[in-house]
Enquirer: 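Before I ask anything, let me first share the structure, which is written out below as structure tokens.
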Amino acid sequence: MDKAQVAAVLNEIGTLLELKGENPFKTRAYGNAARALEVLTEPLETLVAEGRLGEVQGIGEALEKKIAELVQTGRLGYYEELKGSVPPGLVAMLAIPGLGPKKVKALNDKLGVETIEQLEHACSSGKVAGLAGFGEKTQAKILEGIAFRRAYASRHLLSDALAAAEPILERLRAHPDVIRCSTAGSVRRFKETIGDIDFLASSRKPAAVIGSFTDQPGVLSVSARGDTKASVVLAGGLQADLRVVRDDEYPFALAYFTGSKEHNIVMRQRAIVRGLRLNEYGLFRSAEETRDPARRVRCRTEEEIFERLGLAWIPPELREAQDEFAAAELGPIPRLLEWTDLRGALHGHSNWSDGRHTLEEIADHMEDLGFEYWAVTDHSKSSFVAHGLDAGRLRRQIAAIRDINRRRADEGRTFRLLCGSEVDILAEGALDFPDELLAELDVVVASLHQGFSRNEAEMTRRLVKAAENRYVHMLGHLTGRLLLEREPYPVNTLAVIDACGAAGTWIELNCNPRRFDLDWRLWPHATRRGVKCVLNPDAHHNDQAGFLRLGAGVARKGWLRAADVINTLSLGLLQRELNRKRGRR
DNA sequence: GCCGTTTTCGGCCCGACTGTTTTCAGTCG
């Protein structure tokens, strides 16, 4: 079993233990261990084989044994026994708002409910309202939750959340009673998928701000509305929450509601060690009084809160309780990539394959946006559903691009299209075009589009072989995942990263919001191995140049700086790097 | 189940809200 599978089992054990009514700290330990595994940069098997698993923070004696059993045998007796003792439908019920482990357990114990369908039936017939601790409102809320779940997905793409958030934030900014406002939560942290959208505002008249929020266009229903807090459901099933605080509380509330939960826990622990107490209202000098402004440490910005806790300011994207505290203790966090650092992109499509626009339209649009270069990398012949190019059409496209560039040069314009291909990686890692043809191109992206059902060893071998080809500049969307749709194909990403490091091959961060592939969690490891990143929109339409802005936020989550990203280079320096891979000067 | 410059036991982040209660448990973020 690989670490992702082990982590999934540990998370599930945590959930199952919750449903059995176990000590909440024990159940949390499983979640913590799963998170610790996800960011390991050494192969899990190595740690297990060398008996060093216990050295990982969050993994003790008991979990070390359980994880070793999973890695070595692919099974865990404890897990199977536990799983057998809890009806699988109970886990699904936890996803219904208002239902936690205690209530689900009560429903199961007292009514024998084991599935969501049975729960719906029990609610409809009024049995749930009669239980101790339940009532009419809870029963109605459960029914509503079941219907909502059926109608909408529970998580959303970052791009959808941002598109919904921007007009709401504009409206807040324009409101006369709003002093400061921001998105918070996972949107502000640029998580690749989002549960709900959080907003924070400061005001002297919270009721007016709350009213404007719940009454705005696009709100389908209001699920909660208090004095300082409201929740609404937007079109598409997205939920949006607004908290309104006093302006002197704003920086504390912003830090608090940005999270992540795990990051906040460490922040609070740091406060406690310093004899302070941290919550969403402030940082306080007394352990007892947690609202009194007179005892609050004065901080006007998030920066000052971090400073008071012995830390440099941590950009929201990094607040995932991974390595940000260790880094922020040492001094300022390095300047992370900004999307405005990007000078162009190296993976995009035209209407020669499955893109929308002509070469001229692409050149004009990208030049207008201020880019210096843009690579056209249409599909190769094996991707026939995408109208992949054969050798003849590719050579004609090269000529067409050279012609466009020549005309621009004559007019004294510096923008250039680059000739490229997104060449298919075939079985056994062979490429869809011969090396002689690849050598005629400026840029080569190698990607997998077929044969996803091979096993991990084969998939890894194919990618490693492609990475070792001197004409391949980078691997495209390395794991093939489609967020909320399709899992990554099985591949040993660490081994592929190592091979890229050795061969000087770059790895793409595909900025299509359905992909964001390679995952941000792996970039710190890739950077340590000397692998450069390329931020690519994989654009099929000119509007998709905007994907680069989203991708830059995700790149920041991976601690990427401008120097780690190839397409921050000017055209001249880029061309030198493109040639260097091929052993040319 | 983990962890230790209060180290092998006794803690483990903390407050708001909701609905069900008559003093609070459960859920959520």
Side-chain angles (χ1 to χ4, degrees), chain A residues 10 13-14 17-19 21-36 53-67 78 82 93-107 128-142 145 184-189 191 194-200 223-231 239-245 249 252-253 255-284 287-291 309 321:
Chain A
L10 295 182
I13 291 175
L17 289 174
E18 271 193 306
L19 286 168
E22 255 294 355
N23 173 358
F25 296 106
K26 179 168 165 180
T27 65
R28 207 175 82 186
Y30 280 88
N32 288 342
R35 269 177 8 98
L53 203 51
E55 293 170 15
V56 178
Q57 183 79 10
I59 296 175
E61 215 175 314
L63 273 165
E64 181 172 13
K65 271 178 78 174
K66 291 194 173 86
I67 294 168
Y78 171 76
L82 187 63
M93 282 184 217
L94 288 173
I96 298 169
L99 286 188
K102 299 275 167 56
K103 286 219 162 87
V104 169
K105 187 168 189 297
L107 288 165
V128 170
L131 289 179
F134 292 77
E136 291 292 342
K137 284 204 173 171
T138 308
Q139 182 171 275
K141 211 177 148 195
I142 293 172
S186 47
V187 170
R188 185 166 181 241
R189 299 201 314 280
K191 269 298 282 295
I194 303 290
D196 56 17
I197 312 175
D198 294 302
F199 295 94
L200 178 71
S223 30
R225 183 183 169 149
D227 295 339
T228 62
K229 187 179 161 179
S231 270
Q239 182 173 309
D241 297 341
L242 170 68
R243 264 303 265 267
V244 186
V245 298
E249 294 167 341
F252 303 101
Y256 180 85
F257 290 111
T258 298
S260 64
K261 200 170 88 181
E262 294 79 11
H263 173 94
N264 285 352
I265 288 172
V266 178
M267 290 288 277
R268 291 201 145 111
Q269 284 163 344
R270 293 185 71 92
I272 290 168
V273 169
R274 289 163 175 77
L276 301 166
R277 206 168 181 89
L278 179 66
N279 60 30
E280 63 261 56
Y281 300 108
L283 182 61
F284 297 94
E288 289 80 40
E289 185 45 71
T290 54
R291 282 298 291 266
L309 297 178

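These numbers come from a predicted model, not from an experiment. The sequence lines fix the lettering, A, B, ..., with proteins before strands; numbering per chain opens at 1.
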Enquirer: Nearest to the side chain of Arg243(A), heavy atoms from C-beta on, is which of dC13(B), dA16(B), dG15(B)?
Expert: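 Taking heavy atoms from C-beta onward, the closest nucleotide is dA16(B).
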Enquirer: For atom P, what is the distance between dT23(B) and dT18(B), given to the nearest Å?
Expert: 22 Å
Enquirer: If you look at every heavy atom in Ile13(A) and Tyr78(A), which pair is closest and at what distance?
Expert: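 Minimum heavy-atom separation between Ile13(A) and Tyr78(A): CG2-CE2, 3.9 Å.
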Enquirer: Could you give the CD1-to-C1' distance, from Ile265(A) to dC13(B), as a whole number of Å?
Expert: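 For the pair Ile265(A) CD1 and dC13(B) C1', the rounded distance is 6 Å.
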Enquirer: Please state the C1' separation for the pair dT6(B) and dC12(B) - nearest whole angstrom.
Expert: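 Taking atom C1' in both dT6(B) and dC12(B), they lie 15 Å apart.
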Enquirer: Within the pair Tyr281(A) and dC14(B), is there a side-chain N or O less than 4.0 Å away from OP1 or OP2?
Expert: no
Enquirer: Determine the Euclidean distance between corresponding C1' atoms of dC17(B) and dT8(B); express it in Å to zero decimal places.
Expert: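 Straight-line distance between the two C1' atoms is 39 Å.
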Enquirer: Each nucleotide in nucleotides 3-11 of chain B should get exactly one letter: B, S or -. Can you fill that in based on protein heavy atoms under 4.0 Å?
Expert: S--------
Enquirer: Find the distance Asn264(A):CG to dC12(B):P and express it as a whole number of Å.
Expert: 17 Å
Enquirer: For Gly58(A) and Ala33(A), work out which heavy atoms get closest and say how close.
Expert: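 The pair with the smallest heavy-atom distance is O-CB, 3.9 Å.
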Enquirer: Reading nucleotides 18-29 of chain B 5' to 3', which nucleotides get B (base under 4.0 Å from a protein heavy atom), which S (sugar-phosphate only), which -?
Expert: -SS-----SSSB
Enquirer: Do Asp241(A) and Phe257(A) come within less than 4.5 Å of each other through their side chains, counting heavy atoms only?
Expert: no
Enquirer: Taking only side-chain N and O atoms of Arg277(A), does any of them lie within less than 4.0 angstrom of OP1 or OP2 on dC13(B)?
Expert: no
Enquirer: For atom C1', what is the distance between dC14(B) and dC9(B), given to the nearest Å?
Expert: 24 Å
Enquirer: Over all heavy atoms of both residues, which pair between Phe134(A) and Val128(A) is shortest? Give the atoms and the distance, please.
Expert: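 Taking Phe134(A) first and Val128(A) second, the nearest heavy atoms are CB-O, 3.2 Å.
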Enquirer: For the pair made of CD in Gln269(A) and C1' in dC14(B), what is the distance, rounded to whole Å?
Expert: 12 Å
Enquirer: Taking dT5(B) as the reference, what is the distance to dG1(B) when you measure between their P atoms (whole Å, please)?
Expert: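 It comes out at 23 Å once rounded to the nearest Å.
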Enquirer: For dT22(B) versus dC28(B), give the span between their C1' atoms, rounded off to a whole number of Å.
Expert: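 That atom pair is separated by 24 Å.
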Enquirer: Heavy atoms under 4.0 Å, any strand shown: does Thr27(A) hit a base, just sugar-phosphate, or nothing?
Expert: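 Contact class for Thr27(A): none.
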